[in-house]
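Since we're looking at a predicted model, the values are computed, not measured. In what follows, chains carry the letters A, B, and so on, assigned in the order in which the sequence lines appear, proteins first and then strands, with residues in each chain numbered from 1.
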Amino acid sequence: MSVIDRKVLEQHGVTEGEYARIQELLGREPNMLELGLFSVMWSEHCSYKSSRVHLKTLPTTGPRVVQGPGENAGAVDIGDGLAAVFKIESHNHPSFIEPYQGAATGVGGIIRDIFTMGARPIALLNALRFGSLETPLARRIFSGVVAGIGGYGNSIGIPTIGGEIVFDPMYAGNPLVNVLCLGLARHDDIIKGQASGVGNPVYYVGARTGRDGIHGATMASAEFDESSAEKRPAVQVGDPFMEKLLMEACLEVMKTDALVGIQDMGAAGLTCATSEMSSRGNCGMDVEVSLVPQRETGMTPYEIMLSESQERMLLVAKAGREREVEAVFEKWDLHAVRIGHVTASDRVRLFHHGALVADVPTKALTDEGPVYRRPMARPAWQTSVQQLDLGPLAPPASSQTAFEALLASPIIASKRWAFNQFDHSVGTNTIAQPGTAAGVVRIKGATQGLAVSVDGNGRHCYLDPYRGAMLAVAEASRNVACAGGEPIGGTNNLNFGNPERPEIMWQFGEAVRGIGDACRALDVPITGGNVSLYNETEGRAIYPTPVLGVVGLLADAAQTVTRVFQAAGAAVVVFGENRGELGGSEYLARLLDLVQGEPPALDLAAERALQTLVVSLVRGGLVQSAHDCSDGGLAVTLAECTFGSGGIGVEVALDGVKTVPAPFVEAATLFGESASRVVVSVPDGHVAQVLTAAAAAGVPAQVIGRTGGGDIRIDVDGATTVRMPVAAAEELWATAIGRRMQSAAGAA
Amino acid sequence: MTFAVIVFPGSNSDYDAFHAASAVVGAQASLVWHKDTSLGGADAVILPGGFAHGDYLRTGAIAKFSPIMAAVNSFAERGGPVLGICNGFQVLLEAGLLPGAMVRNRGIKFVSKMVPVRVEATDTPFTGACTAGQVLRMPIAHGEGNYFAEPAVIEALERDRQVVFRYVDEAGQASAAGNPNGSINNIAGICNAGRNVVGLMPHPERACEASLGSADGRVVLDSMVQAFAAGVAGGRSLA
Amino acid sequence: MRARVYVTLKPSVFDPQGRVVAEALHTLGYGDVRDVRQGKFFEVELEGDDRAAAEARVAEMAATLLANPVIESYRVEVL
Amino acid sequence: MRARVYVTLKPSVFDPQGRVVAEALHTLGYGDVRDVRQGKFFEVELEGDDRAAAEARVAEMAATLLANPVIESYRVEVL
Ligand SMILES: Nc1ncnc2c1ncn2[C@@H]1O[C@H](COP(=O)(O)OP(=O)(O)O)[C@@H](O)[C@H]1O
Ligand SMILES: [Mg+2]
């Protein structure tokens, strides 16, 4: 056994302080295998050592919370004894190295987290960030990631019902791939990732273990550099068929009561699964490592324990019920292999051909990890980027030109190039077509439906991480509200740079504070999430990018609307106030190449009132469509309401906002991104009732025009600023991304 | 009547077909595991969508060796109605129950969207309730739905009216613009010479309820129920 | 023993993947590429060491499973 | 000129396709199959008739587009 010196510690990403603590916990020097176990369990990825103190401040409880953070996924009650089980997970670094496989295995990982809970996965969503679509690298990564997400999710038969995609040079060297999976379980059927019952057998099932991903957990926690090279395959290849077998077999085993607990082997593989399961059950575990099915010859216990091969599960069965469990797996052509048993001790003990090779207190691995309160410092540049002085500037183009440029902006343009590669109809539960609303699924055998949205705006968070994060929460829950869903739970993926840099840590702390405040105000408990740090290349961090996933409950799945106008001759009503805020807007970025100013203000009480109002109007059948106003402002929002309607146009007249210098009045009115606004279309007979309800709720409401005609026409202060046939606008918007990708038809 | 829905390990639309046949259409339906050897007296068989055995090799390539396929074969030989949807169609091609083969979509990407499909033949058990030329809106979701057969085979299929479904554009024409995957002659579905075995790439079972975006596909299952009722009324059993 | 089975689409079958690769090569500046066809191969590790037997056996696997005779042809090579 | 580029997953990289084919072959009674790995190849038709130039050029295509150096290795053969 080689000596553990400074170099070895460095390779393991273990600091000297951490090493001292390991020795203290063990009461001796660890051997190399034990050091490996600590290194992966105490990595940023698994221990949340930099983020934990902040995450603790998030609201995680509520009457509907069935399972908060701490298990493989969170769960909220949706009535009739049912629970929505969901979580979001990132696979950013692997997707940069190998976009297809990185994204595919990311999907695989989050699906396992959901069925591990005893829930059948029913929907997927994703939040993606790439560099500018004008660059070949970004197109290649985008193309590979989309194919990978489809390649995995489609095969397993879980519909991808929504998501969001942003292109920005800030993500050129570090794309983001965040995937949310939603599952459905009966409360009584929820299973925990816990071991218990001394003598109960521990089974390994699924793909054989290879040398892949060793140090994967530490890779996800370290910046890229030129040398993050070869040695072992850093890329894992997904096997969706194996995952499908595992999912069906596990769900079937769970129906027997022969199972005690189960957990997938994700980050830190077998090490994480054995120690977390024992830790949750306050027991120990003995494992004979040589029994682990192996894909390659000559693997050492170190490699077996640290491997991150995909599609593997660890489960604890009841003693005496082994045959039942094994038979189910055999039915699915899987072989459950007994590799150990639960012990009364508080230690994980690993044996190799009978010899004890590691002996570690369970809680030392799972609970005694370092917790850092890393220094935070507001960046020096923060104040200056928040200054926005429109005074000396002139609007760069006519409103019509700006409108067309925004419709064709990859951030705003239809994402159908991507989601037409995702099976969204499998499962026959998808109520809203992707691209028309939050993802909405019905629940067979029940009346309820679920609406889910994922949202984040890195640009806003860069300008003000606290407010940007609040805006992300507000937008995600506003989106589900527009579909008629009452927001009942959230999950978050925190994508940030290197936490050892005080400015990054400040962004992180501010964002978490923002999420917490917004979630408390909107009554959206956070039931889980994921933290992805070190998102930087060569010292350049991405925008701080918290992504929020919010689940909304529809009392009746049939009572939902999309953003799309349903008929000509309806009144168009805007809820909320247009303050003409251009700070951090797509307009400024796209047309003036300016990322500057403060993101839109957010009044959480007003936001809550708006969402409650919209949910009740949709449920009451009073509105025919509802659409959140965000990127591109009111003009783009109105245009989007006409897309997919078969050419139903819209004519509106707006009062110009007066808070900006005169040359910017039109732009601010049309393209300003003030928060807490929703556009609805209302049949004439319901207008009075809708306005009365808004007044009662204290939500500003204004009839701005009517649906109909074949044009999108927007007048500001009596002058026509934007006028375009719906068909032409829709063509521009629908094909913008496809046209950019066409030129880049590339490798499969 | 009873539909038997075959479940391969990688089937993913088996429950969708089961749900459509039972909860929506109101027929009986049973799920039959691919390792079984009997169809349990079913009156019609559905091979559902999915990725039967992962389908990394070729879609449907391994499924033809599943034990249940012997029963499906002899059921089909006796004139029993068999419907292959998407992967089920691919399995029927690989198993030789229908002529031709699938290659990668022309654009090589997976294509998932609602498409218009024209009914070209109403004398099969799965299209009897359609009107000739009726256009149905149904989702497609596949990476390998580009139907290919040698020219002589295509000629025979057209001549013998074995093309049952064709992709069309919004105007109802079988144009290149209406062809989502490059299939020869816009072929979306075919039947065998006996007309009792039908395969198609679009998913009628996913288009049986208006809330899902289309209820047009329901007529495919309704046709079968009607054909069965007529067959029983006429004193002959299809099985 | 190790054998390889090469499977190609028959010339009469349009090869979408080959075409996309050819187009991508053109975009990358390889204008002199006339055509690309994509095929696949299987490397099969077998027990035993009778070359002729192995060849026959692998040919059988190719005919039964590895290639679809409607669209593909194959060639077996024992290493 | 015609050249072939053979692309295989690096030996350490897991090959799910090969795994499934091997298992199918076992089920079909080919118990003597120890392992299967699947690869792909590209047949590239080029203008010109300089073998050495063609080889270099195709190797370049392989490195840029046809193979993914992170998980695959390749071999070029001029016919
Ligand atoms: N941003 C977050 N907010 C709340 N809980 C979080 C967040 N990130 C992680 N968690 C919780 O921490 C726990 C461990 O994270 P997880 O991502 O599941 O680890 P692994 O990657 O090993 O699966 C989970 O219960 C998860 O829900
Ligand atoms: Mg997990």
- Are any non-hydrogen side-chain atoms of Leu212(B) and Ser425(A) less than 4.5 angstrom apart? no
- So do Ser211(B) and Arg442(A) actually touch side chain to side chain, heavy atoms under 4.5 Å? yes
- Note on the structure: Counting heavy-atom pairs under 4.5 angstrom with chain B, the leader among Gln433(A), Glu248(A), His424(A) is His424(A)
- Is it the backbone or the side chain of Asn429(A) that comes under 4.5 Å from a heavy atom of chain B, or both, or neither? backbone
- Query: Using a cut-off of under 4.5 Å for heavy-atom pairs, which of Ala249(A), Ser155(A), Pro240(A), Ala558(A) has the most such pairs with chain B?
  - Reply: Ser155(A)
- Query: Between the side chain of Lys244(A) and the main-chain N/O of Ser11(B), is any donor-acceptor distance below 3.5 Å?
  - Reply: yes
- Message: Which atoms of Lys444(A) are under 4.5 Å from chain B, going by heavy atoms: the side chain, the backbone, both sets, or neither?
- Response: side chain
- Message: Are there over 12 heavy-atom neighbours, none belonging to Gln28(B), within less than 6.0 Å of that residue's CD?
- Response: no
- Item | Side-chain donor/acceptor of Tyr56(B) to backbone N/O of Phe241(A), under 3.5 Å | yes
- At a heavy-atom separation under 4.5 Å, does Ile156(A) approach chain B through its side chain, its backbone, both, or neither? backbone
- Please examine the side chains of Gln421(A) and Ser112(B), heavy atoms only from C-beta on, and report whether any two atoms are closer than 4.5 Å. no
- Query: Tell me, side chain or backbone of Glu209(B) under 4.5 Å from chain A's heavy atoms, or both, or neither?
  - Reply: side chain
- Taking NZ, NE, NH1 and NH2 as the nitrogens, is one of them in Lys113(B) or Asp423(A) under 4.0 Å from a carboxylate oxygen of the other? no
- Here the pair of heavy atoms bringing Ser13(B) nearest to Val426(A) is OG-CG2, 3.9 Å
- In terms of heavy-atom proximity below 4.5 Å to chain A, should Ala52(B) be classed as side chain, backbone, both, or neither? backbone
- Give, as side chain, backbone, both or neither, the part of His203(B) having an atom under 4.5 angstrom from any heavy atom of chain A. neither
- Within the side chain of Asn420(A), is there an N or O that forms a donor-acceptor pair under 3.5 Å with the backbone of Val111(B)? no
- Using a cut-off of under 4.5 Å on heavy-atom pairs, state which of Thr428(A), Leu245(A), Thr430(A), Thr560(A) scores highest against chain B. Thr428(A)
